[in-house]
Amino acid sequence: MTELASSPSADLAALLADWIPQQRWSGAKGREVGSVSVVASTPLPIEGLDVDHVVAEVEFTDGGPAAHFQVLAAYRTDVGGELEHATIGALGGRIVYDGLWDPAVTKWLYEAVRNGCTVGDLRFVPEPGVELAPGPPGRVLGVEQSNTSVVYGERSILKLFRRVAAGGNPDLELHRALRAAGGTEVATLQGAVEGVLHGEVAVLGMLQDYASNSAEGWAMALASVRDLLAEADLRADEVGGDFAAEANRLGQTIAVLHGDLARALGTAERDTAEVAAAMRARLTVAATDVPALAPHTAAIRAVYDEFAALPGPLPAQRVHGDLHLGQVLRTPLGWLVIDFEGEPATPLELRVRPDSPLRDVAGMLRSFDYAANHQLLDADATEPDPQRQWRAAEWAERNRSAFLDGYAVRSETDPRAQALVLRAYELDKAVYEVVYETRNRPTWAPIPLNAIVRILAPSTPRIDSVP
Amino acid sequence: MTATNPRPTGADTELDEASSDEFDHARTLAVDHDWFKRAVFYEVLVRAFADSNRDGTGDLRGLTDKLDYIQWLGVDCLWLPPFYDSPLRDGGYDIRDFRAVLPEFGTVEDLVVLLDEAHKRGIRVITDLVMNHCSDQHPWFEESRRNPDGPYGDFFVWSDDDTRYADARIIFVDTESSNWTYDPVRGQFYWHRFFAHQPDLNYDNPAVQEAMLDVLRFWLDLGIDGFRLDAVPYLYEREGTNCENLAETHAFLRRCRKVLDDEYPGRVMLAEANQWPSDVVEYFGDPAVGGDECHMAFHFPLMPRIFMAVRRENRFPISEILAQTPAIPSGAQWGIFLRNHDELTLEMVTDEERDYMYSEYAKDPRMKANIGIRRRLAPLLENDRNQLELFTALLLSLPGSPVLYYGDEIGMGDNIWLGDRDAVRSPMQWTPDRNAGFSTADPGRLYLPPIMDPLYGYQAVNVEAQLNSTTSLLHWNRHMIEIRKRHSAFGLGDYHELGGSNPSVLAYVRTHRGGSQDGTDDVVLCVNNMSRFPQPVELDLSAWQGCRPHELTGGVPFPRIGELPYLLTLPGHGFYWFSITPEEEPS
């Protein structure tokens, strides 16, 4: 990459300073942008089109760490109607726009991975043994919080990380390890895009098998809850839309995934006192941010203390780290797990540490609770009907149990055998959720808050097997 | 001549069996090697459809009288369960004479008239033929018992003990405890995969093979258009196997197919093999030659999954089974159905799914039979018109030839208080008059009482009333069949599921290359909402960018397909069929 200080680069930086904060993937909402500079620019050899692969460094006025973003800056004298929404601005008599929306650019990216191209510091690498067919033009699928995905026909999906970080990328690392281990619970890795940032390798994108006929677990769970709530008096196990069979199968998939990760990347041990310390630290920060947590902090701490005092080390391994129903896809053949980037707000070095697989299990249990209660909030702003609340709770309990049953079938241990560990991880997740919801979606905050009350209640009903 | 049993002529000579030369032959339809791929089938029980002679039982002449109705509905092919002479201990599947008609139904001559009148209207007729076994009253069995050394002594599978083929499962677990039964006359055990009164034929005996091929020829000569070969996986027995799907069985089917191809081109064989699609495809034969065994086979597991998908409000039960369905030879076609004369069979589902289907669709224990549910389509769906339409739209658009069950086109009900599988075999409801217009016999003489409950009874649900109302289910069904026929993609097209992020929506495209009249592809897009609630869906139709979908029931043009995902909204249990055609230049 060429370090550029010339004026075109500065002009582009000025345009990006306006444009990047408006993009959903920037995560810059609520943060004021200080300065933007182009730290690398690599022209891509695309016939008939000027496109630069640009890495922009964004500094914020709040003094927090700078962020790096990759942008495919493409130039045309005139953009047609279909590219207008991707316009970044005018530069030197031409329009500069986000090249990811240009089929000529997306097609080139795919071909570059297929042919194993190197352009400047950019490396497009197919996975060993992967034979890619010539691809159709790409189609931008969706713009997520930190990445943008491009689909090629029904075989491949290219996920470009808009936010770029130097060093390892757990998403790529775990997919690579699982492919080598022959795991079928994830979409098979086809290739990767790598660059250099501050002298270190940075992962820019991943090409994977595309699960063309799939739906998110979250949407599936909501359809089930909707079906239940539409009935006047049927129980959760009596309605046609019962989700327990799916939850069970999902539990099996996660258990198999954990087994594959342990085999591929090894196991380790964590000190419960140390894990509990991190949980306590998180709770302390959360309690200052969210006053509603105050009545519960003592009881939560007591659970963490009990957890910390458990004899013996905590078995640990690489895990998903941010598992919930939105991170699993139902395909015609079963469940797939996606997005192994870990909890976005956590620093990278913590995200790649071995952890108890129960962190993932707890994340999924929390997600069932969210799915059950989410529609009660949606229905109206007033206090939900207690009967509907009871029925939603029954749905959550049924599917949490089914998930755990499925997990226990395919794992060496039933998570319920480690009730205290599971409880601590669930509380930790709920505390995180309370902070997140209070900041971003205050009307949702009662979901994790109610969960904390329930988890702490001495009469918490035991999670029993589905009969 | 009248129907009689084969005449025994003496212990050591062959039986004198009827010859097709003794009868008129029906006119035949022009040879068409693909007709079964495009056809809409209609299963009708002769006993249940129309009674021409006031004896309280439907007959072939009565059915012939109703051919105009069947033609009006748009049916291409009738499927008749067995009409052969039988002691009727298994609904006619226990055949006493392979070359005679059950006297209650009429005569061989009546059948020829039916075939001739059907062909006159462009309608084909296929029938069940049980290859595996016959009634224990069949003269072949009588001869075999009495004369082990005679010409029929080796027609059945005899054994001195009951220990052979121990790995073969017992199919009718409710009634049978062994696949062997002792015959005191011959002093040996005989082999039967089904009821003890249905001895299995011994296909290792070349004379049996020839005799059964001649049975096929007999009916084909008269004009029958094909056979549904009943209980086909069980023809041979081999020690150490489960005695199903053996290579010898396939070899014999290839022989049958060759007889059809060489002597009766355009006639078809349909396999009844209630197994996983990945196993059933074996019955289509060698894909390299487009298939050299059966032309068709039923896709059994699809049907319960259609029910499951709608109850679950998500498409995956259907997506899953179709993803597990292998490709079939170019000359083959699946037969698909929602209901038929048997119980809604749950053999092809897991135990957990079976429990689920029982709890959802058989709320009363009497609704269960064997390993299935004995109910008609309308009561299964609680008479919900939206669901009836959705299910029928799925039946008419999923890959395979649809098989309708008589009476379901008007939404007939069932009577679960009748024994065995009779719940779904009550008389066709033609009019609100006596006996539902099915028969003018004394009501007490009917083979089964007509449905009389206030919701589904013949006074409320009958053909006459629905003919007079253009918004009736009957007219709706006819209209959908008519639309299906306008697009070759439904019968001959590829099937491609589109996915979509909304799990409640099942969307697929059927494409018949070069299938339009102008030589372009015939492309039909089907979008189905499995949920009772309205749903949006965004579909990736980029392959048809610039084209315009036309809705098929009304022809309304929908917005042009652009670069962005195509947004549709569907009402609860709603569906759309679109034809996708290149946009015409504005004039």
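Labels below follow one simple rule: chain letters A, B, ... track the order of the sequence lines, proteins then strands, and each chain is numbered from 1. The model shown is predicted, which means the values in this text are computed figures rather than measured ones.
Rounded to the nearest 0.5 angstrom, A/M220 CE and B/N502 CG are separated by 10.5 Å.
For a heavy-atom cut-off of 4.5 Å, chain A lies close to B/R532, B/F533, B/Q535 in residues 525-538 of chain B.
Here the shortest heavy-atom pairing between A/N213 and B/G499 reads OD1-CA, 3.1 Å.
Side-chain N or O atoms of B/R312 include one that pairs as donor or acceptor with a backbone N or O of A/D242 at under 3.5 Å.
Only the backbone of A/S214 comes within less than 4.5 Å of a heavy atom in chain B; its side chain stays farther off. If you measure heavy-atom distances from A/R139 to chain B, the contacts under 4.5 Å come from the side chain alone.
In this structure, the side chains of B/D540 and A/E154 stay at 4.5 Å or more apart for every pair of heavy atoms. Within the 4.5 Å cutoff, the side chain of B/E320 has no heavy atoms near those of the A/T331 side chain.
When each of A/P332, A/G153, A/A215 is scored by its heavy-atom pairs under 4.5 Å with chain B, the top score falls to A/P332. When the candidates A/E216, A/E246, A/R226 are compared by the number of heavy-atom contacts under 4.5 Å with chain B, A/R226 comes out ahead.
Surrounding CZ of A/R235 are at most 12 heavy atoms belonging to other residues, nucleotides or ligands under 6.0 Å away.
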